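Basis for what follows: all heavy atoms, side chains included, without hydrogens, waters or symmetry-related copies. On a predicted model such as this, the values are computed, not experimentally measured, just so you know. Proteins come first, then strands; the chains are lettered A, B, ... in the order of their sequence lines, and each starts at number 1.
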Number of protein chains: 2
Amino acid sequence: MLSEKEIDYNTEIRLTYKRSIPARRSARISDVARAAGVSVATVSRAVSAPEKLSEGTRRRVLAAIDELGYTPNTLARQLRVGSSRMILVVVPRRSNPPFFSEVLRGVDVTLVEAGYVLITGYMEGEDRDLRLIELATSGHLAGLMTTSGKLPQVNGRSILDGGLPAVALCADPGVKGMPAVLIDDEAAARSQARHLLELGHRRIFYVTGPAGNYNETARHRGIVAELTAAGLYPEALVECPGDYVFEAGHRGAEAYLALADRPSAVICSNDECAVAFMKTIRSAGLTIPGDLSLIGFDGIEFADYCEPALTTIAQPRFELGATAAKLLVEMISGVPPSVDLDAQNRSFLDVDLKVRGSTAAPPAGQRD
Amino acid sequence: MLSEKEIDYNTEIRLTYKRSIPARRSARISDVARAAGVSVATVSRAVSAPEKLSEGTRRRVLAAIDELGYTPNTLARQLRVGSSRMILVVVPRRSNPPFFSEVLRGVDVTLVEAGYVLITGYMEGEDRDLRLIELATSGHLAGLMTTSGKLPQVNGRSILDGGLPAVALCADPGVKGMPAVLIDDEAAARSQARHLLELGHRRIFYVTGPAGNYNETARHRGIVAELTAAGLYPEALVECPGDYVFEAGHRGAEAYLALADRPSAVICSNDECAVAFMKTIRSAGLTIPGDLSLIGFDGIEFADYCEPALTTIAQPRFELGATAAKLLVEMISGVPPSVDLDAQNRSFLDVDLKVRGSTAAPPAGQRD
DNA sequence: CTGAAAGCGCTAACAC
DNA sequence: GTGTTAGCGCTTTCAG
């Protein structure tokens, strides 16, 4: 272990002078071999297959390892064995932190437990995507995970070109054979609409997600399906374009308030958007659920702490991440998947419609 | 680029059978050399120093690279040159997603722009810390960043043992010579208390952060200092232990409500905690800021969307991350830091006390 | 049970 | 300008 003085030395020097002092080299396998009086092969075995060594040799080598503070250079090991233990997870930029952070926690916990290291790569624009593609083909990676319906792709090159084992998470890019772990967005959105219809609402204002987005498309389909089944489509649906962020909720609410004939129910594409919608509505003097019912999507913690608490679709965030990670590890190690997959290699996890204070029957005048 | 059939093939096979098909090997430098009719050295130059090649050769090699979809194996390169471009940022587990995700975005944007790859490692418990320490000494890393006052450390081994360039972010672990980029927590907390005193409040209820936490310690010191300066300490301060999460805010509010003689002002250790505090208080029928004033810390977006909007200390989240990343890159490349550092190698960024609806003068009966 | 030696893919002297 | 070659630190046959 470094003494405090040494730490100071290293950091201070590097901070101030131009490479005047080379980094202190850490012990290599040959150092350990020399110290223990054995060959490098023996040291290698002491680390990866200690049972192959005699009691005495093993003890001697292990002591030397400890003594020198030796850690194998994984870079070299990986180059030699031709496989790494790093996994890249691709996340769209600025994406709903309270939602994705919990999904990624599920990924992280599972992956680390299985001995992998997680690299998070944010998508945003072509430059960025190109770096990700290069990373994916650079030999560093053991596997790939993506949380977006669109894969990084720039002039003909795709992130899948490396041929890495890959799984999709929270969205299905629809690549043939690439498994996906997600919820059934369409069914979930249907249940949102059904909940509102059951309460007696007959028209819905919908602040959408970004056009073309996988989840948005599926959810939109669900809402339409439910309204259609109730014989209310298309008159009953008023759409307002949004993109999953606070600002969209705010603007959505302004659009709603400007309406001459306001629907009594509102669906926001996610909780973040719904929270902002709620705030703007209340600032305008309307009450929820007195004047209108509001429902979100995701089930982030903040939804519990609005006033009133937000009715929402709670996604199994941690479990989504954990399941996808488990599946990926199985693919990498070549064992059959323990996760149930349908014919398209998809695994759907259950959601929970959490009914809380933001939804209720419509005001008397608006019931049919 | 893979045809769709190949993608399917790869994934499907791996998913189903036990390593029956080896991964398709990607092109190596020697493949390109052969295809272009040059030596490997020339290919290497075409990638890293194209100006050293003649027009014709360069074109020929580049064409071959493109043709074969060659990406250099960074693992091999790094092993050879002895340095990597990966940076580990250590984050405490489950830590305030809306706050840290924005800080990390600042880190990520800056680092990627400088050509680095970011690895996020969560701390939690010794096992985990040991993995991080091993990662830090495995040859993979170019630098290290930590967002916690406590560094991963297990039986004598510290994450700094590898001698990597390292910078602290949002907290100062107090390692001699290790630079830190953060805000002045003490001064910020003083300004919170001062704001409340200026409004006329004379007693403060404080839901603390976790005992021993760097930020908590500094903030506590600030509150005490301000109250002391006003001649109100210690009588004026009622403390309630918390730990930065929703639940702490909820429990803090319950403790507050149970008080016989309630202070007219409340400081919560962070916004998340304050949001929960607010919710519980309102559910109990008290009004904010009518019955009590409430102030948070961090400046996350959700603070804007409470009812009323939360008065808080807005930290420059993105800038904190970006500044720390910039400094780290400079340390790695050996150039003098462009970031202003004090004698202890710290750089303090400015905060902003955002006064909003949750703070006001105390109710008439409670003024002095 | 242990050692010698080849080589993973790449870069950087050093020659020509 | 371009090629030859010696390793970076490690694992893994293959001998003994």
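Here the nucleotide nearest the side chain of Thr42(B), chosen from dC10(D), dC10(C), dG3(D), is dG3(D). Side-chain proximity of Ala41(B) to dT2(C), dG3(D), dT2(D): nearest is dG3(D). Nearest to the side-chain atoms of Asn73(B) among the listed nucleotides dT2(C), dG9(C), dT2(D) stands dG9(C). Comparing dG9(D), dC1(C), dT11(C) by their nearest atom to the side chain of Val40(B) picks out dT11(C).
Residues of residues 131-140 of chain A that place a heavy atom closer than 4.0 Å to DNA chain D do not occur.
Between the base of dG3(D) and the side chain of Arg45(B) there is a donor-acceptor pair shorter than 3.5 Å. For dG9(D), the base has no donor-acceptor partner in the side chain of Arg80(B) [N/O atoms by modelled type, under 3.5 angstrom].
A donor and an acceptor atom, one from each side chain of Gln78(A) and Ser83(A), are nowhere located under 3.5 Å apart.
Using a 4.5 Å heavy-atom cutoff, the side chains of Val109(A) and Phe318(A) are in contact.
Ion pairing between Asp108(A) and Arg93(B) holds under the 4.0 Å rule for side-chain N and carboxylate O.
Contact between the side-chain N/O atoms of Ser39(A) and the OP1/OP2 oxygens of dA4(C) is not found at any separation under 4.0 Å. Within the structure, a side-chain polar atom (N or O) of Ser54(A) is placed less than 4.0 Å from OP1 or OP2 of dT2(C).
Position along DNA chain C of the nearest nucleotide to Val81(A) versus Ser44(B) favours Val81(A) as the more 5'-ward residue.
Atom CD1 of Ile119(B) sits about 4.0 Å away from atom CE of Met86(A), to the nearest 0.5 Å.
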